Asks: 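I am attaching a structure below and will ask some questions about it afterwards.
Not measured: the values here are computed from a predicted model. The chains referred to below are lettered A, B, ... by the order of the sequence lines, with proteins before strands, and numbering in each begins at 1.
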Amino acid sequence: MGKEKQSFKEVHHSHSPKTALQWFFLVATCIKVLLFPSYHSTDFEVHRNWLWYFDETSPWTLDYPPFFAYFERFLSIFAHLIDPQIVHLQDGLNYSSNNVVYFQRVTVILSDLSLLYGVYRLTRNLDSRKQQLIWPLVIWSPMLFIVDHVHFQYNGFLIGILLISLSYLEEGRDLLGGFVFAVLLCFKHLFAVAAPVYFVYLLRHYCWGGTVRGIGRLLIMGGVVTAVFASAFGPFFHLGQTQQIIQRLFPFGRGLCHAYWAPNFWVFYIMSDKGLAFIFRKLGFNVQTPTGSFTAGLVGDSSPFSVLPQAWKNPQPQMISRWIAYAYTCGFLFGWHVHEKASLHFVIPLAIVAPQTLEDARHYFLLSIVSCYSIFPLLFEAQENSIKVLLLLLHSILMWSGFSAQFCDGAEATRAPTANSKKNADQFVSEGNSGATVNKGFAIGWIERIYLIGLVVVEIWGQILYPLLLGDKFAFAPLMLISIYCAFGIMYSWIWQLISIVKSRWLNWLEGPDKALHVG
Amino acid sequence: MEKENKVKDTASDDGYCWWWLVQKGTTAVFITVGLFALLVRVAVSLHPYSGAGNPPKFGDYEAQRHWMEITINLPIKEWYRNSSNNDLRYWGLDYPPLTAYQSFIHGLFLKFFHPDSVAPFASRGHESYLGKLLMRWTVLSSDALIFFPAALYFIIVYYNQSSRTRKSELAWHTAVLLLSPCLILIDHGHFQYNCISLGFTIGAVAAILSGNDLVASVLYCLALNHKQMSAYFAPSFFSHLLGKCLRRKYPILEVSKLGLLVLGTFAAVWWPYLYSTQSILEVLSRLAPFERGIFEDYVANFWCASSILIKWKRLFTTESLKLLSLTATVITCLPSMVQQIKSPSKRGFLYALLNSSFSFYLFSFQVHEKSILLPLLPATLLAVEEPFIFRWFTQFAMLSMFPLICRDNLVVPYLALLALFVLIMNAPGQHRVRESNYLGSATMFLILCCYFVLHIVYLTMHPPEKYPFLFEAIIMNLCFSQFVLVTLGCNIKQWLLNRPAKLEETEKKQI
């Protein structure tokens with residue numbers, strides 16, 4: 001009997017990385033399906049009703065580049081098969097039934113396959129430990145759940161394309177990386193913030209190496225990118241709608257900030273402006289209060305001084321993800337009319353590099369919590385409150401557990417890199433850490449800890465105390481508080497990324513060794 | 001360098017995709033899985049509840065809301081009494097007093113935040129965004145405060161007792177315990193509070209496994225006083241505790257202790273109704289709905305399944321059917337009871353719970369389809385030892401509730417939770433023990449095909465006019481056949497536990 005029992009209990013192992021990744025994705029899909037009846041924003045109607053650039057039948061006219069328009073048209077084919085009223089121009093306005101809700105929710109879930117493929121390509125050469133850390137960070141990102149599967153957008157789809165492009169660059173397949181990025185720009189032009197980094201990197205890494213070969217490759221890359229843009233914009237150029245498209249894609253008539261202020265640099269500017277105007281008016285001065293008269297923003301203004309020189313002098317494939325993420329952080333902090341959701345553009349790519357070093361992990365821990373919290377106001381109805389809090393709590397615990405497990409043998413991790421150059425990088429970073437720090441494993445500093453506790457205080461104040469004490473007066477105040485407080489966190493992240501990149505060994509001061517020593 | 005790499009590779013090979021989770025210990029695992037389980041529950045709460053938008057009677061949601069209305073607006077003596085203030089024909093209280101107290105507490109909560117939802121008379125059929133939200137919160141808080149701690153208690157005791165030290169199994173077991181699709185659908189979709197009585201039951205089981213028989217008795221009495229359906233477990237608790245007492249030095253003293261504790265707990269719960277025989281009978285008559293038929297709607301038990309051939313309701317009077325069902329129930333749970341009295345053991349107790357509750361589900365009087373939650377609980381507790389039985393049973397338990405789920409408009413969460421359950425059962429990297437194949441693989445394949453086809457047919461087709469309940473009947477017969485197999489298998493397993501026990505006895509005698 002004992003033997004028979006044992007024979008029945010043979011143990012089977014399954015080690016396929018793809019299987020684990022698919023499993024993570026499918027579990028996430030079950031949650032997404034359960035969220036079908038949750039609140040959805042006006043973006044839901046936008047995506048369902050999107051009309052071409054000149055149509056005025058409904059207020060939802062396209063303001064995305066042509067490839068996204070083609071994508072919507074592709075979806076409408078299936079919508080028409082399922083329920084023709086979904087895509088009817090007149091009867092379909094504000095049409096609400098389970099059919100349309102379920103169909104549109106399913107399209108977002110299916111388009112997330114792009115994210116699945118992107119994260120797979122970007123991590124398939126890493127060791128399994130790092131893989132199993134990164135996958136839940138990306139696939140189960142609470143920000144994507146909130147913005148895409150409750151609020152309703154297609155960010156997972158677009159960021160998936162970005163990750164695919166980054167994976168080609170990291171593999172050294174620059175032509176394909178450039179091609180995919182061009183495609184991404186034709187889906188959503190806001191990703192163009194990183195274009196300078198792409199341009200410099202590709203110019204040096206792909207096109208350099210001899211006059212004839214370099215020029216040849218430059219022509220090839222230029223040809224590919226031109227072909228992509230031509231296939232996207234060609235038909236509209238031919239129809240004489242270029243001006244209309246540009247107006248739709250770059251609405252500078254709108255204000256410097258979005259309706260709900262993204263937690264970026266301009267929040268401080270606006271608060272100072274409002275505060276000073278208020279004080280002066282109290283003092284009796286006759287201060288004019290023009291609306292929407294803010295200074296034009298500097299898109300990616302800080303990029304050239306830290307990333308572009310490195311991309312030019314020493315283009316390293318393994319650094320490209322960080323440089324791109326940094327560019328998007330700059331765009332988020334200083335860009336024109338930034339949406340709070342734009343933080344996804346750098347939070348997701350940074351998840352890929354988070355398990356590399358202890359410092360990266362600490363930085364990502366803080367950044368992803370702050371970014372996720374900053375989009376809480378998107379879901380303002382009562383029934384979604386517990387969902388977003390649980391999503392963020394779950395994510396925080398997963399990060400804490402994962403990073404703690406990863407770095408509890410930090411010395412070992414540092415000692416076992418996968419590449420020589422990475423080994424050098426790790427050594428460089430670890431030299432800056434005391435032995436105690438390495439042995440202690442994953443732990444955040446007391447300043448960061450206080451900041452995170454502050455998030456809890458802000459939430460309690462905004463959700464409970466403020467309504468109790470002041471009722472409906474100044475209902476905008478809690479939102480302002482969230483924007484300002486989160487802006488500090490994002491600024492910290494930007495500074496941290498800047499310092500981290502500047503510290504890297506490959507930087508050569510243009511002034512020469514003497515001045516460098518002097519500065520040191 | 002190579003050696004280090006090899007060691008690391010070996011470690012990775014032995015790992016699983018959530019290795020970083022289980023490193024932190026039981027509490028961290030439980031918190032993580034618990035948060036995920038709460039997230040699933042909150043998401044299911046977004047979907048419709050039973051009877052939504054369906055006047056004049058609505059459904060279980062309205063029943064629960066009405067009980068809150070009654071308990072906070074009437075004196076306690078009138079809660080179970082028919083009067084002009086309390087028309088028992090409109091969702092009158094038919095659960096034991098602990099449910100009434102729970103309704104009272106939740107009623108205070110609703111009254112504080114949303115008085116309209118429990119106003120006397122005026123709130124009949126009340127439906128609102130805030131009302132639904134608050135009601136859902138009462139279920140979530142009950143789950144988090146009673147069921148989750150009880151599950152944690154069981155996990156701690158179970159994995160401390162057994163020799164196995166695999167942490168991944170602990171995490172997996174926590175997941176199947178907290179993510180039971182049937183319980184989530186009924187409590188957070190349909191709308192009920194099974195998590196309370198089932199939570200007390202798990203607590204009682206954990207107490208027995210850790211040797212605290214007195215605590216176990218109290219907790220089980222609380223479960224019984226929340227839902228009388230908990231009586232499905234009574235034979236196993238009784239026989240296990242009796243068997244242990246008989247092996248003590250002073251068995252009569254031990255039995256007396258337990259007996260007094262049971263009486264004391266019941267007295268405490270029923271205190272407001274002990275002032276007269278009439279008031280006790282008033283409550284009891286509400287708990288035993290004998291005026292209804294032997295089964296209601298369609299349920300995958302013996303009486304319903306066999307009613308295709310034998311029209312029980314026509315052949316026998318209700319009185320005869322009561323006696324018949326009682327006899328059948330006692331006969332089918334006797335083997336399990338005898339085994340536990342003779343050779344009480346912890347594993348045997350878990351099997352006894354399953355066999356006892358199945359006897360009641362399959363043969364007792366007035367069984368509802370939701371009662372499948374009761375045998376499903378011990379099956380979940382045994383999930384690590386009997387993964388095949390657990391999976392097979394859960395899938396058909398889900399199918400047996402499918403008609404109810406369709407009526408409640410909960411098909412989408414049903415499919416999502418079923419998929420999530422399958423994913424948990426097939427988690428990659430899990431040390432998957434090859435499951436004993438109790439059925440031939442061809443038979444299994446055929447049954448699974450029927451499983452899928454029945455789901456699709458039920459969703460897309462209309463039954464012929466001559467047989468309007470044809471699909472329900474087919475579903476219930478298929479599920480009944482599988483439940484019988486599970487019951488037989490577990491009874492055999494329980495009795496097989498005797499052999500090692502006897503061997504141990506022999507060894508002891510020799511010593």
Side-chain angles (χ1 to χ4, degrees), chain A residues 1 5 7-24 26-27 29-39 98 102 127-129 131-133 135-136 145 381-387 389-391 393-394 397-398 400-406 408 412-413 415-416, chain B residues 1 4-5 8-9 11-24 28-29 31-32 35-36 38-40 42-48 129-130 132-133 136-137 140 409 412-413 415-424 426-437 496 499-500:
Chain A
M1 177 56 68
K5 274 193 175 180
S7 67
F8 281 134
K9 301 218 169 189
E10 295 174 25
V11 177
H12 285 265
H13 302 269
S14 70
H15 307 310
S16 168
K18 277 186 180 177
T19 305
L21 179 53
Q22 286 161 9
W23 187 83
F24 278 121
L26 288 173
V27 170
T29 300
C30 292
I31 302 298
K32 294 166 184 173
V33 170
L34 289 173
L35 293 172
F36 274 6
S38 56
Y39 156 88
N98 277 349
Y102 289 1
D127 64 275
S128 64
R129 283 185 140 205
Q131 283 179 340
Q132 287 152 6
L133 266 182
W135 293 340
F145 270 98
E381 290 190 6
Q383 70 175 4
E384 277 80 28
N385 272 343
S386 44
I387 290 176
V389 170
L390 283 170
L391 281 169
L393 278 180
L394 198 51
I397 290 182
L398 288 182
W400 182 267
S401 299
F403 291 149
S404 295
Q406 171 77 354
C408 68
E412 181 183 336
R415 215 181 292 123
Chain B
M1 176 62 71
E4 286 180 2
N5 279 335
K8 192 165 187 180
D9 285 343
S12 297
D13 286 345
D14 193 48
Y16 26 85
C17 57
W18 59 92
W19 60 271
W20 37 263
L21 182 62
V22 302
Q23 295 235 359
K24 301 287 275 184
V29 167
I31 289 176
T32 307
L35 282 178
F36 184 77
L38 275 180
L39 175 65
V40 171
V42 172
V44 172
S45 299
L46 300 173
H47 293 260
Y129 181 90
L130 182 55
K132 178 191 180 188
L133 190 65
R136 291 298 198 191
W137 266 106
L140 282 162
N409 291 313
V412 167
L415 296 175
L417 288 172
L418 188 56
L420 186 61
F421 173 76
V422 171
L423 286 169
I424 293 173
N426 294 284
Q430 177 77 356
H431 287 275
R432 197 173 303 119
V433 177
R434 175 182 289 180
E435 297 158 358
S436 310
N437 200 334
L496 289 181
R499 298 184 59 162

Asks: Nearest 0.5 Å please: distance from the CH2 atom of Trp23(A) over to the CG atom of Asn426(B).
Replies: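 It comes to 10.0 Å.
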
Asks: Do Leu46(B) and Leu34(A) touch side chain to side chain, with heavy atoms closer than 4.5 Å?
Replies: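 A side-chain contact under 4.5 Å is absent here.
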
Asks: CG of Leu38(B) to CD1 of Ile387(A): how many Å apart, nearest 0.5 Å?
Replies: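 Leu38(B) atom CG to Ile387(A) atom CD1 measures 12.0 Å (nearest 0.5 Å).
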
Asks: Check the pair Leu390(A) / Val42(B) against side chain to side chain contact (heavy atoms under 4.5 Å, CB included), numbers first and verdict last.
Replies: CA-CA 9 Å; Leu390(A) 283 170; Val42(B) 172; 3.7 Å; yes

Asks: Under 4.5 Å, counting heavy-atom pairs only, tell me which of Lys32(A), Glu381(A), Gln22(A), Glu384(A) racks up the most with chain B.
Replies: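 Option with the top pair count is Glu381(A).
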
Asks: Hey, could you give me the CG/CG distance between Leu39(B) and Leu391(A), rounded to the nearest 0.5 Å?
Replies: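 With rounding to 0.5 Å, CG (Leu39(B)) is 5.0 Å from CG (Leu391(A)).
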
Asks: Chain A: which of Val40(B), Ile31(B), Leu130(B), Val412(B) shares the most heavy-atom pairs with it under 4.5 Å?
Replies: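 Heavy-atom pair counts peak at Val412(B).
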
Asks: Nearest 0.5 angstrom please: Leu35(B) CG to Ile397(A) CD1, how far?
Replies: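 The CD1 atom of Ile397(A) is 4.5 Å from CG of Leu35(B), to the nearest 0.5 Å.
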
Asks: Given a strict heavy-atom distance threshold of 4.5 Å, which part of Leu133(B) is in contact with chain A: side chain, backbone, both, or neither?
Replies: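 Contact with chain A involves the side chain of Leu133(B) alone.
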
Asks: What closest approach, in Å, do Ala382(A) and Tyr129(B) show between heavy atoms, and which atom pair accounts for it?
Replies: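 Looks like N-OH, 3.6 Å.
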
Asks: Please report the closest heavy-atom contact between Cys30(A) and Ala419(B), naming both atoms and the distance.
Replies: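 Closest approach of Cys30(A) to Ala419(B): SG-CB, 3.8 Å.
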
